[in-house]
2 protein chains.
Amino acid sequence: MNAHVLQPPDPDRSVAERIAEVLTRRIVLGELPPGHKVGQDLVAAEFRASHVPVREAFRRLEARGLLVSEPRRGVRVAPIAPEAVHEVTEMRAALEVLALREAAEALTDADLQEARQALAAEEESGELIVWEEANRRFHRALVTPCRMPRLLQAIDDLHQASARYLLATWKSLDWEPRSDAEHRAILDALTSGDVEAAAAVLREHILAAGRALRQRLVALGRI
Amino acid sequence: MNAHVLQPPDPDRSVAERIAEVLTRRIVLGELPPGHKVGQDLVAAEFRASHVPVREAFRRLEARGLLVSEPRRGVRVAPIAPEAVHEVTEMRAALEVLALREAAEALTDADLQEARQALAAEEESGELIVWEEANRRFHRALVTPCRMPRLLQAIDDLHQASARYLLATWKSLDWEPRSDAEHRAILDALTSGDVEAAAAVLREHILAAGRALRQRLVALGRI
DNA sequence: ATGATTTTATAGATTATCTATATTCTATCA
DNA sequence: TGATAGAATATAGATAATCTATAAAATCAT
């Protein structure tokens with residue numbers, strides 16, 4: 001019996017991969033809140049799958065820091081704590097700056113064009129989730145040319161965590177479109193070939209965004 | 001039937017975790033060479049386990065970069081390439097420096113004492129593998145106090161990769177004990193409270209070791 | 001009401017079985 | 001003889017039914 005009613009069959013991707021993908025999206029979007037218990041049998045039933053690929057998907061998300069697993073007690077959606085925001089922010093700053101420096105010499109006009117388009121998409125976006133997608137596109141355009149798969153994967157994982165913190169903290173309601181002046185400054189520096197200036201702005205940009213997020217999160221905690 | 005003949009039963013750790021641990025050790029030590037095909041049924045038979053926890057162990061090691069998985073073709077031990085050495089080296093430099101800076105204010109005399117003991121163990125070691133263990137102890141002592149679990153996990157994973165590259169490149173035969181002057185310089189800087197100097201030396205130390213490793217690996221490739 | 005005890009639900013794992021694909025072996029033909 | 005198409009085999013990925021141990025919930029006795 002072919003089991004994949006909801007998802008397209010797609011023989012090139014394993015069931016575990018597809019489950020991991022859907023669960024990732026739900027966690028990042030906040031549909032599954034922090035601390036939420038994710039029962040393997042429930043997920044298996046939903047995806048018309050057995051518990052084996054579900055457990056494999058759990059292991060993937062655990063490695064990415066989206067799920068936490070307690071022995072004999074199953075898995076839960078990772079909590080959102082100010083310390084974790086700080087951690088992810090600092091790691092992003094360190095690794096994205098590294099990636100940008102490594103990408104710089106390989107950076108083509110097409111890459112810069114992609115970043116410009118992402119920036120335009122940010123400025124057009126009226127909704128947080130749309131802005132966040134463009135934001136990720138922008139950052140990714142700058143680092144992808146470094147061609148370091150392990151580094152890029154680590155940055156992607158951290159970005160996912162960041163996006164989750166952002167969406168959980170600023171609900172679309174009270175979010176207002178931001179100027180993205182820093183993104184523009186990074187692009188200008190890169191266009192004029194000043195990689196170090198771009199790296200410095202990128203670093204401060206990530207840290208500032210992290211600080212804002214952390215403050216807001218602490219404030220929410222006090223309410 | 002209780003299945004655990006070789007490993008102690010230990011109900012607190014899952015079968016998957018124990019398999020992952022043993023496979024990790026084998027890959028790091030080079031007992032399983034790069035490119036080696038790891039058959040799930042073979043591993044399952046060896047551990048007297050079913051293929052389910054074996055696959056979970058595979059997912060863990062895949063996330064750590066020790067295994068690579070091709071759909072429908074199973075998993076292989078990750079290759080060792082000069083580009084990967086460069087990548088891991090740069091990531092380690094970035095993240096360990098971050099961790100050291102964050103750890104600095106929490107660094108106790110006990111931590112420094114542990115680092116000193118590790119340094120002594122390095123200098124006493126006549127064998128590469130013993131030295132490597134002490135080396136990891138040293139680096140870990142400096143970063144652990146930062147209390148950032150995600151960062152520490154990432155550093156640990158990178159260290160494992162580094163250790164694998166080191167052991168694969170310098171077979172114990174042609175390795176000679178090294179002075180570890182840089183480790184001593186880091187310790188001296190920290191003892192005198194100069195965190196920035198320690199961070200600078202740590203960074204250069206990691207990068208220099210990475211360069212040496214990479215050069216040797218490229219040379220081996222040319223033979 | 002509360003603490004101890006039973007019940008229930010479920011995580012983790014096994015075993016047998018199934019399908020699809022990669023690989024290997026073999027036989028055929030140029 | 002050598003390349004290649006096709007059959008046979010091995011195995012990855014997955015299912016389903018079942019089992020044990022434990023954590024959580026419900027029940028009962030005090």
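Numbers restart at 1 for each chain; the letters A, B, ... are given by sequence-line order, proteins then strands. What you see is a predicted model, and the numbers here were worked out from it, not measured in a lab. Every heavy atom of this structure was used, including side-chain atoms; hydrogens, water molecules and symmetry mates were not.
- Annotation for A:D109: atom CG does not count as buried by contact number, only 12 or fewer foreign heavy atoms lying within 6.0 Å.
- A:R13 has its CZ atom 16 Å from the P atom of C:dT21, to the nearest Å.
- The side chain of A:R55 places an N or O atom within less than 4.0 Å of a non-bridging phosphate oxygen (OP1 or OP2) of C:dA13.
- Shown for residues 56-68 of chain B: no residue has heavy atoms falling under 4.0 angstrom of DNA chain C.
- Taking only side-chain atoms of A:R73, from C-beta outward, the nucleotide of C:dT14, D:dA14, D:dA23 with the closest atom is D:dA23.
- Using a 3.5 Å distance cut-off with no hydrogens or angles, the side chains of B:R76 and B:H36 do not pair a donor with an acceptor.
- There is a side-chain donor-acceptor pair under 3.5 Å between B:R92 and B:S162.
- Proximity note for A:S14 (side chain, C-beta onward) versus C:dA13, D:dT15, D:dA14: the nearest is D:dA14.
- If you measure from atom CD of B:E17 to atom C1' of C:dA13, you get 14 Å, rounded to the nearest angstrom.
- Near DNA chain D, defined here as any heavy-atom distance below 4.0 Å, the residues from residues 31-45 of chain B are B:K37, B:G39, B:Q40, B:D41, listed numerically.
- The salt bridge (charged side-chain N to carboxylate O under 4.0 Å, His left out) search around A:R140 returns A:D156, not counting sequence neighbours.
- Here the options are A:R101, A:H159, A:R203, the test is side chain to side chain donor-acceptor pair (under 3.5 Å), and the partner is A:E96; only A:H159 passes.
- A donor-acceptor contact shorter than 3.5 Å links the side chain of B:E17 to the backbone of B:S14.
- For a distance-only test at 3.5 Å, the side chain of A:H51 qualifies as a donor-acceptor partner of the base of C:dA13.
- Between B:H139 and B:H183, some side-chain heavy-atom pair lies under the 4.5 Å cut-off.
- Among the nucleotides D:dT15, C:dA13, D:dA14, the one closest to any side-chain atom of B:A16 is C:dA13.
- Between the side chains of A:R116 and A:Q113, at least one donor-acceptor pair of N or O atoms lies under 3.5 Å.
- Proximity of B:R72 to the phosphate of D:dA14: no side-chain N or O atom is located under 4.0 Å from OP1 or OP2.
- Residues B:Q160 and B:T24 have side chains in contact (heavy-atom distance under 4.5 Å, counting atoms from C-beta outward).
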